[in-house]
2 protein chains.
Amino acid sequence: MAVTIRDVARESGVSISTVSRALASPEQVAEATRIHVQATAARMGYRPNRNARSLITGRSGSIGLVVPDLENPFFGSVCKGVQARARAAGYTVFVADTDEDPTVESEIARSLIKQVDGVILCSPRTTDDEIRALTTETPLVLANRRLDGVPSIIFDNGGGLVAVMRHLIALGHRRVAYAGGPRASWSNAQRAAAFRVFADEQVHGELELIDLGNFPPYFEGGVQAADLAVASGATAVVGYNDLVALGILDRLRQRGLSAPEDMSVTGFDNVAVSTFVRPNLTTVDLPRQQMGRMSVDALLDLVLRDSQASTNESMPEQAADAASGVLQELAVDLMVRQSTGVPSGPGGRGATHQLLDAGV
Amino acid sequence: MAVTIRDVARESGVSISTVSRALASPEQVAEATRIHVQATAARMGYRPNRNARSLITGRSGSIGLVVPDLENPFFGSVCKGVQARARAAGYTVFVADTDEDPTVESEIARSLIKQVDGVILCSPRTTDDEIRALTTETPLVLANRRLDGVPSIIFDNGGGLVAVMRHLIALGHRRVAYAGGPRASWSNAQRAAAFRVFADEQVHGELELIDLGNFPPYFEGGVQAADLAVASGATAVVGYNDLVALGILDRLRQRGLSAPEDMSVTGFDNVAVSTFVRPNLTTVDLPRQQMGRMSVDALLDLVLRDSQASTNESMPEQAADAASGVLQELAVDLMVRQSTGVPSGPGGRGATHQLLDAGV
DNA sequence: CGAAACAATGAAAAGGTTTGCAGAATGGCG
DNA sequence: CGCCATTCTGCAAACCTTTTCATTGTTTCG
């Protein structure tokens with residue numbers, strides 16, 4: 001049998017309450033007693049029963065994390081960040097994998113609710129309404145997705161895409177294609193939108209942008225997109241993510257084309273493998289672990305506020321605003337590597353202009 | 001406030017006990033009552049408080065999983081398998097990341113013990129003694145490491161390495177190098193041992209095996225090993241894992257050598273990226289998710305047995321043997337791809353023999 | 001018809017902890 | 001010297017559920 005607080009109390013000759021206080025709120029107990037009790041507890045190897053504690057405090061000391069696919073290194077990174085920060089704050093983490101299935105997502109989240117203080121939904125595939133419903137049942141924060149009124153941690157997808165486009169334009173590209181991700185993906189919507197509005201808000205009259213359509217966000221999707229990119233006459237193709245970009249690179253090579261000479265290629269994510277291939281992939285680095293850490297911070301803010309709200313009614317307004325439905329956007333970095341370069345059509349940059357003029 | 005069993009009891013006009021039974025052990029309650037109570041509970045959205053339940057039953061319905069690095073896709077896969085199987089069995093999973101630090105490993109495991117029914121240690125970096133100590137405190141199973149007396153799920157590392165060697169020998173290689181992983185790695189010990197004994201138990205008098213030493217199990221480790229491999233005069237190099245193999249491939253290309261013409265290269269793990277590079281990597285596929293699933297099965301066996309042991313003393317002997325300290329070895333598959341081929345030294349295979357004869 | 005077995009339900013204890021409240025002890029100050 | 005304030009400690013309730021035991025009512029069989 002495990003050693004309980006009762007055993008420690010008997011052994012050290014004080015009451016249960018004193019033991020509890022000596023360990024949980026040391027300032028309330030005389031120094032001599034405190035030291036004695038703490039020593040006894042340590043000697044006996046006492047560890048409070050978390051269930052009993054949770055039962056009375058109403059807090060479990062753990063949080064839930066729901067991700068679509070643990071096998072995907074992207075979520076592995078986020079998960080690592082979440083785990084590290086939670087542990088530092090004395091919380092443990094339940095992890096659930098939805099296998100990319102939107103329907104099991106909310107079901108899993110609901111099954112977690114009862115045993116956690118709050119939930120982080122990372123890249124959820126379910127609907128806005130469903131997420132909002134969940135919000136009424138538990139403290140919840142969104143990672144890699146934005147929803148008004150729900151604390152959300154997102155990457156600056158638009159900024160990342162703009163950085164990519166500027167880079168390509170600076171190199172001389174005037175005909176650029178976008179190989180999109182899944183239609184239902186929130187990240188893809190962000191990136192595709194930034195791609196589309198780019199021509200409008202910039203003053204590049206001669207810039208031609210081609211949307212190649214939606215592809216599976218894997219290597220195979222890129223393979224598929226590569227041929228369309230070549231046929232489009234683009235000199236550069238922006239992949240939805242690194243995997244797609246790698247697929248494009250591979251298919252190009254297979255067709256005897258080389259990057260960046262015949263086609264510049266970019267990705268998104270900066271997964272480790274993007275430096276393992278030749279040419280190294282120019283891509284946008286996303287601070288994934290930081291997203292995990294910030295999600296935990298936001299969630300713990302929420303949890304803390306909730307628990308205070310019931311006892312302490314005087315809360316500064318701006319503090320409430322600061323975290324209730326707040327949006328935090330993480331800056332991203334363009335990593336310029338080998339897969340992008342000056343377009344080398346016949347005659348170089350001038351020829352590209354000609355090509356455009358000819359309406360090809 | 002959440003709805004408790006008391007509310008349901010009052011609402012449906014029965015006692016607390018009846019509600020509890022109607023939901024947990026329906027066969028003990030009259031059909032009419034059962035239906036009525038279940039309906040009322042469902043209507044009120046009643047969910048049992050897991051803490052209260054755990055407090056009295058002593059079981060938490062969750063298990064702990066400790067891994068060295070969540071960002072490593074290898075552990076992501078195992079984790080996914082664990083998560084899936086646990087969920088199917090009605091268990092939830094705590095995940096902890098030790099950041100490859102052996103000292104925090106047991107500390108983390110201990111902090112989990114109090115809130116889980118059992119623990120899975122995946123690729124633990126700590127000592128045998130420490131693991132054994134943990135065994136006395138909680139049901140525990142080992143994934144990707146073997147320890148006598150502790151249920152262990154491992155890959156057939158030796159078999160995998162033998163398959164690789166046979167493949168290389170069949171291609172005509174007679175001088176093969178091994179680029180090892182970390183000295184402290186259990187997997188590496190297995191593979192290195194298999195590599196060393198290979199020459200002895202096989203009858204390949206002319207076979208020369210070169211141990212290049214230990215390298216970090218990452219891309220950079222492979223880069224480092226590549227030059228040594230070239231200098232050793234080997235025609236094939238076996239990497240500790242895929243990342244090392246990829247590093248070797250990259251460094252070879254950088255030096256103007258090509259695989260498999262100038263050097264055959266193999267890996268271990270079959271991570272997704274091994275098919276993203278050219279040449280595709282010949283490697284050993286490890287059923288990682290299955291390792292996760294089997295770990296859960298083994299752990300749940302253990303948990304179930306423990307809880308029965310206290311009540312029911314009559315247990316068949318062989319059943320106890322079957323899972324108490326049992327070792328389960330998962331078969332692995334050689335995936336032959338593009339990075340291995342016939343050695344093409346000057347004059348082909350014959351020349352290799354000459355080379356060996358010359359003592360080079 | 002009576003007794004015994006059985007099915008269904010309720011009362012109550014138990015599980016380990018936190019915490020409000022009250023009592024005791026100590027010290028300071030008038 | 002006496003009173004009050006302060007500090008420390010203990011008692012007991014509360015958290016929500018499961019489970020044992022007892023009770024009631026019903027059925028079956030001798």
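Quantities reported herein were computed from a predicted structural model and do not represent experimental measurements. Proteins get letters first, then strands, A, B, ... in listed order; numbering begins at 1 in each.
- Within residues 28-40 of chain B, no residue has any heavy atom under 4.0 Å from DNA chain D.
- Under the 4.5 Å side-chain criterion, counting only non-hydrogen atoms from C-beta, A:Val150 is in contact with A:Leu140.
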Stepwise side-chain contact (heavy atoms from CB on, under 4.5 Å) test for B:Ser295 and B:Arg85:
CA-CA 9 Å; B:Ser295 302; B:Arg85 189 59 136 247; over 6 Å; no
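- Here C:dA14 presents its P atom at 17 Å from CG of A:Asn49, a figure rounded to the nearest Å.
- Under a 4.0 Å N-O distance rule, the pair A:Asp97/B:Arg87 does not qualify as a salt bridge.
- Within 6.0 Å of CZ in A:Arg6 there are 12 or fewer heavy atoms belonging to other residues, nucleotides or ligands.
- Between the C1' atom of D:dT19 and the CZ atom of B:Arg59 lies a distance of 13 Å, rounded to the nearest Å.
- Direction change of the helix axis from one end of the helix from C:dC1-D:dG30 to C:dG30-D:dC1 to the other is 50°, with five pairs defining each end axis (rounded to 10°).
- As rounded to whole Å, 13 Å separates atom P of C:dT18 from atom CZ of A:Arg6.
- Between A:Ile56 atom CD1 and C:dG16 atom C1' the separation is 9 Å, expressed in whole Å.
- Of the N and O atoms on the side chains of B:Arg288 and B:Ser77, at least one donor lies less than 3.5 Å from an acceptor on the other residue.
- The nearest whole Å value for the distance from the CG atom in A:Asn51 to the C1' atom in D:dT18 is 14 Å.
- Among the candidates A:Arg146, A:Gln328, A:Gln290, the single residue satisfying the side chain to side chain contact (heavy atoms under 4.5 Å, CB included) test with A:Ile153 is A:Gln328.
- A heavy atom lying under 4.0 Å from DNA chain C marks the following residues of residues 10-27 of chain B, by number: B:Val14, B:Ser15, B:Ser17, B:Thr18, B:Arg21.
- A:Ser123 has its side chain within reach of A:Arg125: a pair of non-hydrogen atoms, C-beta onward, lies under 4.5 Å apart.
- Contact annotation: A:Tyr46 reaches the phosphate of C:dT17 (side-chain N/O to OP1 or OP2, under 4.0 Å).
- A donor and an acceptor atom, one from each side chain of A:Thr127 and A:Asp129, are nowhere located under 3.5 Å apart.
- Donor-acceptor pairing under 3.5 Å is recorded for the side chains of A:Thr18 and A:Ser15.
- One can place CD1 of B:Ile5 at 13 Å from C1' of C:dG10, the figure rounded to the nearest angstrom.
- The phosphate of D:dT18 (OP1 or OP2) has a side-chain N or O of B:Arg53 nearer than 4.0 angstrom.
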Between A:Lys114 and B:Asn49, is the side-chain contact (heavy atoms from CB on, under 4.5 Å) condition met? List the steps.
CA-CA 7 Å; A:Lys114 272 293 166 184; B:Asn49 180 319; over 6 Å; no
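- Here the CD1 atom belonging to A:Ile5 is positioned 10.0 Å from the CG atom belonging to A:Asp7, to the nearest 0.5 angstrom.
- When the P atom of D:dA14 is taken as reference, atom CG of B:Leu55 falls 17 Å away, rounded to whole Å.
- For B:Asp7 and D:dC16, the CG to C1' distance is 11 Å, given to the nearest whole Å.
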